[in-house]
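Here the structure is laid out as structure tokens; the discussion comes afterwards.
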Amino acid sequence: MKKKIGVILIVLFAIIVFVKAEISHNPSVKVLASVIDFSESTLKSSDYLAYNIDLKDLFRNYTNSDIRYSGSASIKRVEGFPYSITGSIKGERSLEQKKFSCKADLNVLVLQVGEFDIYAEDSTIYLLAPLLGDISYGFDTNENLFPQAPNLNNDINREWFHSNKKNIYNFIKSIQIEETNQTYVDETGTEANEYSITIPAGEGDFIWDLLGMDTPDHDIKCSLYLDKWNHTRKIVFDLSYKKQGQYIAIYGNNLSTLEIYTPLPDGEKAIATIKRDGETTYTNAFTNNISYYSSNGDVYSADFGVLLNYVENGMHMEATNIVVSKNNKSLAEGYIKGTIKTVDDMGDVFENANADLSKVNVINWNTIKNDTASFVDDVIHKARENVDFLDFLN
């Protein structure tokens, strides 16, 4: 009996050593272990970017659908304009039409200024502003302002991972995985090694079905950074097949942060960062930064917090502590809050808003970029002309 027990212990020990060796040295096994860790650990963390959020519902019913919103806004501490601006806002957005409208009924102190309207179509933004002396502006950004999110066919949760165990196992066996000499150190000081992954064209049908996408006819590349416990610290999806140098990265101890990077013409670039605030548990809370790096060295950024919460008639959203700055110098501050809901049979967004864009002069973005100071001074001068009689209150 003792001999049998001894043999069993030796076999168990050998299996443990073999498994440990496989996990330590076989990239495919380490990646598979990271998938298991993600489904059992990361998804349950309040720091996880999408914790407590139904991504399928968010993408299908809000990001990619026709929506209508209403609420209020406040703009204060505008550089060179000594008045706070408050007002109600309402508007619509349609991804299919690639149109956006926002109508704001504004007040400067006790003076009702009237509407300040914002519209967008394809790559162009329009501002129609009575506050600016009835002068309207249009800016062609040369970028798609209406990107589509994945139309998930299933929720990304533990059940999905468990239901697709066999698919995941076969998929990892079929893709190319290579350990590199690159490392990543996250905010906790933990070091993670890079595993370069190539998904050959035609592979991973179950994943593309999850994302509501056709199976790509080209290779997909990404980098996975795993710590010594096979816990995922960073994932980078290479989007160079869309635009050279473009990528999406998710990183942090429990994948708390999303970063979207896109290069722009003339050596410019834009970076958007969304970070989960796991300490705020009563709702879904995030801190955000959007930065635009111009070719002349100026950096324009918008920093703000976001609170999201599902309510009976849709989703409540607050953009708090908004700070718009140039080279770290504040240009304006404010907040926006309101409710978003999906709309069926919306009709034309511009017609619903009674938008008249026929007289808007569309300005090439380079014109403003090359002499931003003059443009901003001109806008503020025209705004002050409409409310100068309030100067006696200063």
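Not measured: the values here are computed from a predicted model. Count residues from 1 along the sequence.
- At least one side-chain heavy atom of Glu40 sits less than 4.5 Å from a side-chain heavy atom of Arg158.
- Between the side chain of Arg68 and the backbone N or O of Arg93 there is no donor-acceptor pair closer than 3.5 Å.
- Counting heavy atoms from C-beta on, the side chains of Gln176 and Pro200 come closer than 4.5 Å.
- Under a 4.0 Å N-O distance rule, the pair Lys98/Glu121 does not qualify as a salt bridge.
- Across Ser34 and Thr232, no two heavy atoms sit closer than the pair CB-OG1, 3.8 Å.
- No side-chain heavy atom of Tyr335 sits less than 4.5 Å from a side-chain heavy atom of Asn321.
- Looking only at distances, a side-chain donor or acceptor of Ser174 sits under 3.5 Å from a matching main-chain atom of Phe171.
- In this structure, the side chain of Ser41 does not engage the main chain of Phe38 through any donor-acceptor pair within 3.5 Å.
- Heavy-atom minimum distance, Tyr195 versus Lys30: OH-CE, 2.6 Å.
- Between Asp303 and Asn289, the side chains place a donor N or O and an acceptor N or O closer than 3.5 Å (distance only, hydrogens not considered).
- Other residues, nucleotides and ligands contribute over 12 non-hydrogen atoms within 6.0 Å of the NZ atom of Lys56.
- Counting heavy-atom neighbours within 6.0 Å of Asn328 CG, excluding the residue itself, gives a total of 12 or less.
- Closest heavy-atom contact between Ala104 and Asp117: N-OD1, 4.1 Å.
- Using a 4.5 Å heavy-atom cutoff, the side chains of Pro263 and Gln246 are in contact.
- Side chains of Asn327 and Ser325: no donor on one and acceptor on the other come within 3.5 Å.
- Atom CG of Asn167 is separated from atom CD1 of Ile172 by 11.0 Å, given to the nearest 0.5 angstrom.
- Atom OG1 of Thr257 sits about 11.5 Å away from atom CZ of Arg276, to the nearest 0.5 Å.
- Looking at Asp140 and Ser123, their side chains do bring a donor and an acceptor atom within 3.5 Å of each other.
- Side chains of Asp205 and Thr215: a donor-acceptor N/O pair is present below 3.5 angstrom, by distance only.
- Using modelled atom types and a 3.5 Å distance limit, the side chains of Asn313 and Lys341 yield no donor-acceptor pair.
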Practice item. Let me see the working for Asp37 and Thr42 under side-chain contact (heavy atoms from CB on, under 4.5 Å), right down to the final yes or no. Key: CA-CA 7 Å; Asp37 176 81; Thr42 301; 4.3 Å; yes
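- Grouping the Ile, Leu, Val, Met, Phe, Trp and Tyr side chains by contacts below 4.5 angstrom, directly or via other members, places Val311 apart from Leu58.
- Asn64 and Asn151 are linked by a side-chain donor-acceptor pair at a separation below 3.5 angstrom, with hydrogens and angles left out of the test.
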Practice item. Go through Glu259 and Lys234 one step at a time and tell me if the salt bridge (Lys or Arg N to Asp or Glu O under 4.0 Å) criterion holds. Key: CA-CA 11 Å; Glu259 177 180 296; Lys234 185 177 183 179; over 6 Å; no
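- In this structure, Leu145 CG and Thr141 OG1 are separated by 4.0 Å, a value rounded to the nearest 0.5 Å.
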Check your understanding: Do Arg233 and Asp186 pass the salt bridge (Lys or Arg N to Asp or Glu O under 4.0 Å) test, and can you show the C-alpha distance, the side-chain angles, and the key distance before you say yes or no?
Key -> CA-CA 7 Å; Arg233 298 281 172 166; Asp186 71 6; 2.6 Å; yes
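- Under the 30°/60° scheme for interplanar angles, the aromatic rings of Phe100 and Tyr69 are found to lie parallel.
- When all heavy atoms are compared, the tightest approach of Val360 to Gly138 is CG1-N, 3.6 Å.
- The main-chain N or O of Ser301 is never found under 3.5 Å from a side-chain atom of Ser291 such that the two would form a donor-acceptor pair.
- Checked by atom type, the side-chain pair Glu92/Asn352 shows a donor-acceptor distance below 3.5 Å.
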**Study point:** Worked verdict on Ser88 versus Asp105 for side-chain hydrogen bond (donor to acceptor under 3.5 Å, both in side chains)
**Key:** CA-CA 5 Å; Ser88 61; Asp105 190 10; 4.7 Å; no
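- Here the closest heavy-atom approach between residue Asp54 and residue Tyr310 is recorded as O-OH, 3.9 Å.
- Contact check for Leu224 versus Val31: side-chain heavy atoms found under the 4.5 Å cut-off.
- Within a 6.0 Å sphere centred on OH of Tyr241, other residues, nucleotides and ligands contribute more than 12 heavy atoms.
- Without hydrogens or angle criteria, His231 side chain to Asn253 main chain gives a donor-acceptor distance under 3.5 Å.
- Of all heavy-atom pairs between Met346 and Val349, the closest is SD-CG2, 3.7 Å.
- Put simply, OG on Ser74 and CD1 on Ile89 are 11.5 Å apart, with the number rounded to the nearest 0.5 Å.
- Side-chain contact, Asn153 with Arg60: a donor N or O sits under 3.5 Å from an acceptor N or O.
- Separation of atoms CD1 (Ile53) and CG (Asp155) is listed at 12.5 Å; rounding is to 0.5 Å.
- For Glu96, the CD atom sits in a loose shell: 12 or fewer heavy atoms of surrounding residues, nucleotides or ligands are nearer than 6.0 Å.
- Note: the hydrophobic cluster containing Phe116 also contains Val324 (ILVMFWY, side chain heavy atoms under 4.5 Å, direct or indirect links).
- Residues Phe161 and Ile168 form a side-chain contact, since some pair of their non-hydrogen atoms from C-beta on lies under 4.5 Å apart.
- Using the six-membered ring where Trp is involved, Tyr261 and Tyr247 have ring planes that are parallel, under 30° apart on the 30 and 60° scheme.
- In this structure, Ile235 is a member of the same hydrophobic cluster as Ile177, with clusters built from ILVMFWY side-chain heavy atoms closer than 4.5 Å.
- Of the N and O atoms on the side chains of Ser256 and Asn254, not one donor lies less than 3.5 Å from an acceptor on the other residue.
- Counting heavy atoms from C-beta on, the side chains of Leu210 and Phe206 never come closer than 4.5 Å.
- Under the 4.5 Å side-chain contact rule for hydrophobic residues, Val299 and Leu331 do not share a cluster.
- Taken from CD1 in Ile336 to CE in Met317, the straight-line distance is 6.5 Å, to the nearest 0.5 Å.
- Judged by the 6.0 Å and 45° rule, Lys326 forms no cation-pi pair with Tyr300.
- For the residue pair His316/Asn309, the side-chain donor-acceptor check at 3.5 Å is not satisfied.
- A salt bridge between Lys243 and Glu143 is present, with a side-chain N of the basic residue lying under 4.0 Å from a carboxylate O of the acidic one.
- Partner Tyr225 forms a side-chain contact (heavy atoms from CB on, under 4.5 Å) with one of Val185, Val236, Thr190 and no other, that one being Val236.
- Of the N and O atoms on the side chains of Asn61 and Thr342, not one donor lies less than 3.5 Å from an acceptor on the other residue.
- Looking at heavy atoms from C-beta onward, Tyr62 lies in side-chain contact with Met315 at the 4.5 angstrom threshold.
- Between the Asp348 side chain and the Phe350 main chain, a donor and an acceptor come within less than 3.5 Å of each other.
- Ring geometry for Tyr251 versus Tyr184: interplanar angle over 60°, hence perpendicular rather than tilted (30 to 60°).
- At a threshold of 4.5 Å between side-chain heavy atoms, the hydrophobic network of Ile, Leu, Val, Met, Phe, Trp and Tyr places Leu32 and Trp229 in two separate groups.
- Residues Tyr292 and Glu268 bring a donor and an acceptor atom of their side chains to less than 3.5 Å of each other.
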